Amino acid sequence: MAKDFPTREENYAQWYNDLVIKADLAENSAVRGSMVIKPYGYAIWEKMQATLDKMFKDSGHVNAYFPLFIPKSFFSKEASHVEGFAKECAVVTHYRLKNSPDGKGVVVDEDAKLEEELIVRPTSETIIWDTYRNWIQSYRDLPILVNQWANVVRWEMRTRLFLRTAEFLWQEGHTAHATKEEAIEETLKILDIYAKFAEEWMAVPVLKGVKSPNERFAGAVDTYCIEALMQDGKALQAGTSHFLGQNFAKAFDVKFLSKENKLEYVWATSWGVSTRLMGALIMAHSDDNGLVLPPKLAPVQVVIVPIYRKLEQLEQISEVALKVKEKLEKLGISVKYDDRDTFKPGWKFSEYEFKGVPVRLAIGPRDLENNTVEVARRDTLEKEVLQLEDIDTKVKNLLDQIQKKLYYKAQSFRDDNTTAVDTWDEFRDVIENKGGFVLAHWDGTPETEEKIKEETKATIRTIPLDTKKESGKCIYTGKTSTQRVIFARAY
RNA sequence: CGGGGUGUGGCGCAGUUGGUAGCGUGCUUGACUGGGGGUCAAGAGGCCGCGAGUUCGAGUCUCGCCACUCCGACCA
């Protein structure tokens, strides 16, 4: 099944696509631009969800749910917000179908036109702030720290599995605060959660930073982001956290009485990560043999494959294998024992390798005699034969080791592909031939960023937060600059 | 929305100057097999994207439509 798909070198885009489909993560659906997330892919997403959900709750947030449909009029209330999303909104205009006159199928019933058209949410700021108006009167009602898990629709022209689909799954947090400082603090707190999740669970190193005005969320004062580097040298925005200022409070007239008995506008944030993280996860670690998953997010962490000739042998092996499974499960490891007689061991090896299962154990007659088990790790493809004694802690340690190794590998890749440049020629050369993150001085103007984008397709991915100030000259205009920013071609 | 490509068993493809559809893989059954995608045998499976036209005859030629896909402009 896994044969015949291109290497990363040959065709990176095709490699990614084939990987997603052949590893059973997702497939294209009958609806253009919308995908079906298959059980194996969805299991990964569920683990992401569960982890993030806990992190949000541990930091004081609660979940709620707001409607899929948003009245059209809500959108026009915040000027830059409309502008940002208007071009990609799906609109509901009618609420009824009827049999077509020719008797073949159904048509829209023109008599069932909606008074006010509804937008399928591309994001929920408008409906949520319209709601918050009623929730907030006093400083005592603040802060509101709400998150929702939902689907959203953005009518994209070109789509790619997980990376950009017309409909996608995400979480969106929407918080309301009494002060500017508190809202900014919230924005950064979430950014830290995102970074921690990416690095510790996904094993993907990310840069934390702030977006340039060109890349800012429509309606935000500041957009913070985590930015990851993929194996083809392109950047991927993995999560965003927005400080919205009082923009939405003003647009939706959300005011509160402060302790000082003054009527003030509420300060807001919003933040989200989506199924796009799946794309980042896949591209960050996988190789030409298929998917590579970090143990912490792998739906199956360990697979056990029995090797046998006769069914009596299988019984003996199963006895040992099931004991191993039980011991591993006691340590919280998810184990699959694949004793299907309908597939050959070699076939199973390839299958699980392709699907990125971190550790494979094989137990055969020789192992029964010697009290051993063959342990294979997916990330390095190394195999070794270990004594059965303490196999549970050995495997647990191995999983931890794989998790760390994946992160370090991704980190050293990123380091190798981060280049500081000081001249325009150098800049163009690196963007064109090497790729990756390029650290360069920029004069701070949207015009310059736009010009650079036109000429090189590279954009400012982020203005890093934890970086030293350093004076220099803009690579494009030569004007003075106080800090290097990160340029890259991006997904 | 512009430019290219592709639509043929589940999947991947071949199909010559028009003559009634084939290969690989997968599927079913059986035997032998089993420590890296096994071998052999016997089977099942097709509105050739859709619609017109040319022709005695169209997977093949003509026209129209639809879908998918890749490359650009737009985007998490």
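For clarity, every value in this text was computed on a predicted model and none was experimentally measured. Residue numbering restarts at 1 for every chain, and letters A, B, ... go by the order of the sequence lines.
Classified by interplanar angle (parallel below 30°, tilted 30° to 60°, perpendicular above 60°), the ring pair A/W271/A/F56 is tilted. A tilted orientation is assigned to the rings of A/W15 and A/Y12, their planes being inclined by 30° to 60°. Using cut-offs of 30° and 60° for the angle between ring planes, the A/F248 and A/F252 rings count as parallel.
Across B/U39 and B/A52, the matching P atoms stand 46 Å from one another, rounded to whole Å. Across the C1' atoms, B/C11 and B/G45 are found 13 Å apart, a figure rounded to whole Å. For the P atom pair drawn from B/C56 and B/G24, the interatomic distance equals 38 Å after rounding to whole Å. Only the P atoms considered, B/C74 is 49 Å distant from B/G38, to the nearest whole Å. Distance check on atom P: B/U20 versus B/U16 gives 12 Å, rounded to whole Å. Between B/U29 and B/U17, the two C1' atoms lie 44 Å apart (nearest whole Å). Rounded to the nearest Å, the gap between the C1' atom of B/A14 and that of B/U6 is 15 Å. Distance noted for atom P between B/G22 and B/U62: 25 Å (whole Å).
Pairs passing the salt bridge (Lys or Arg N to Asp or Glu O under 4.0 Å) check and including a residue from residues 82-94 of chain A, sequence neighbours excluded, do not occur. Evaluation of the side-chain hydrogen bond (donor to acceptor under 3.5 Å, both in side chains) test over residues 41-55 of chain A, restricted to residues two or more places apart or in two chains, returns A/D53-A/K57, A/D53-A/N63, A/D53-A/W149, A/K54-A/D58. Applying the side-chain hydrogen bond (donor to acceptor under 3.5 Å, both in side chains) test to every pair with at least one member in residues 301-310 of chain A, sequence neighbours left out, gives these pairs: A/Q301-A/S334, A/Y308-A/D341.
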For nucleotides 68-73 of chain B, tabulate all protein N/O to nucleotide N/O atom pairs closer than 3.5 Å, reporting atom names and distance.
from	atom 1	to	atom 2	distance (Å)
B/C68	OP2	A/R32	NH1	3.4
B/C70	OP1	A/N17	ND2	3.4
B/C71	OP2	A/R158	NH2	2.2

Just the table, please: protein N/O against nucleotides 9-14 of chain B N/O, every pair under 3.5 Å.
none

Check nucleotides 24-33 of chain B for protein N or O atoms closer than 3.5 Å to its own N or O atoms and list the pairs.
none

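Atom CG in A/N289 sits roughly 14 Å away from atom P in B/G37 (whole-Å rounding). To the nearest angstrom, P of B/C1 lies 16 Å from CD of A/E156. Atom CG of A/L368 and atom C1' of B/G35 are 12 Å apart (whole Å). In this entry the distance linking CD of A/E312 with P of B/G34 reads 15 Å, nearest Å. Summarising the geometry, the separation between CD1 on A/I307 and C1' on B/G35 is reported as 4 Å, rounded to the nearest angstrom.
Note on A/F168: a base of the nucleic acid sits closer than 4.0 angstrom, heavy atoms only. Residue-level contact check: A/K211 touches neither bases nor backbone, having no heavy atom under 4.0 Å from any strand. A/L163 comes within 4.0 angstrom of a nucleotide base, judged by non-hydrogen atoms across all strands.
Comparing B/G36, B/G35, B/C74 by their nearest atom to the side chain of A/R360 picks out B/G36. Distance from the side chain of A/Y308 is smallest to B/G34 among B/G36, B/G34, B/C74.
Closest non-hydrogen pair, A/G219 versus A/L244, comes out as O-CD2, 4.0 Å. Smallest separation of non-hydrogen atoms from A/M48 and A/L281: CE-CD2, 4.0 Å.
Judged by closest nucleotide on RNA chain B, A/R366 is the one of A/R366 and A/S274 placed further toward the 5' end. Heavy-atom nearest nucleotides on RNA chain B were determined for A/Y491 and for A/E353, and the one closer to the 5' end corresponds to A/E353.
For A/F74, there are no ring pair (Phe, Tyr, Trp, His ring centres under 6.0 Å) partners at least two apart in sequence or on another chain. With sequence neighbours excluded, the residues satisfying ring pair (Phe, Tyr, Trp, His ring centres under 6.0 Å) with A/F85 are A/H81, A/F217. When the side chain to side chain contact (heavy atoms under 4.5 Å, CB included) test is applied to A/L439, the partners found at least two apart in sequence or on another chain are A/T418, A/A420, A/R484, A/I486.
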Using distance only, find each side-chain donor-acceptor pair of residues 26-37 of chain A under 3.5 Å and give its atom names and separation, not counting sequence neighbours.
from	atom 1	to	atom 2	distance (Å)
A/S29	OG	A/V31	N	3.0
A/S29	OG	A/V31	O	3.1
A/S29	OG	A/S34	O	2.4

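For the pair A/K234 and A/Y491, the distance from NZ or CZ to the six-membered ring centre is under 6.0 Å and the angle to the ring normal is within 45 degrees. Under the 6.0 Å distance and 45° angle rule, A/K355 counts as a cation-pi partner of A/Y40. Within the cation-pi definition used here (under 6.0 Å to the ring centroid, within 45° of the axis), A/R360 qualifies as a partner of A/F349.
A donor and an acceptor atom, one from each side chain of A/S270 and A/E125, are located under 3.5 Å apart.
The six-membered or imidazole ring of A/F487 lies near that of A/F427, with a centre-to-centre distance under 6.0 Å.
RNA chain B is contacted by no residue of residues 427-436 of chain A, taking any non-hydrogen atom closer than 4.0 Å.
Residues A/K405 and A/D379 are in side-chain contact: their nearest non-hydrogen atoms beyond the backbone lie under 4.5 Å apart.
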*For RNA chain B, just give me the dot-bracket, please: Watson-Crick or G-U, both distances below 3.5 Å, ( ) intra-strand, [ ] crossing earlier pairs, | paired with another strand, . unpaired.*
(((((((..((((.....[..)))).((((((.....)))))).....(((((..]....))))))))))))....
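A/K383 contributes a side-chain N or O that forms a donor-acceptor pair with the base of B/G36 under 3.5 Å.
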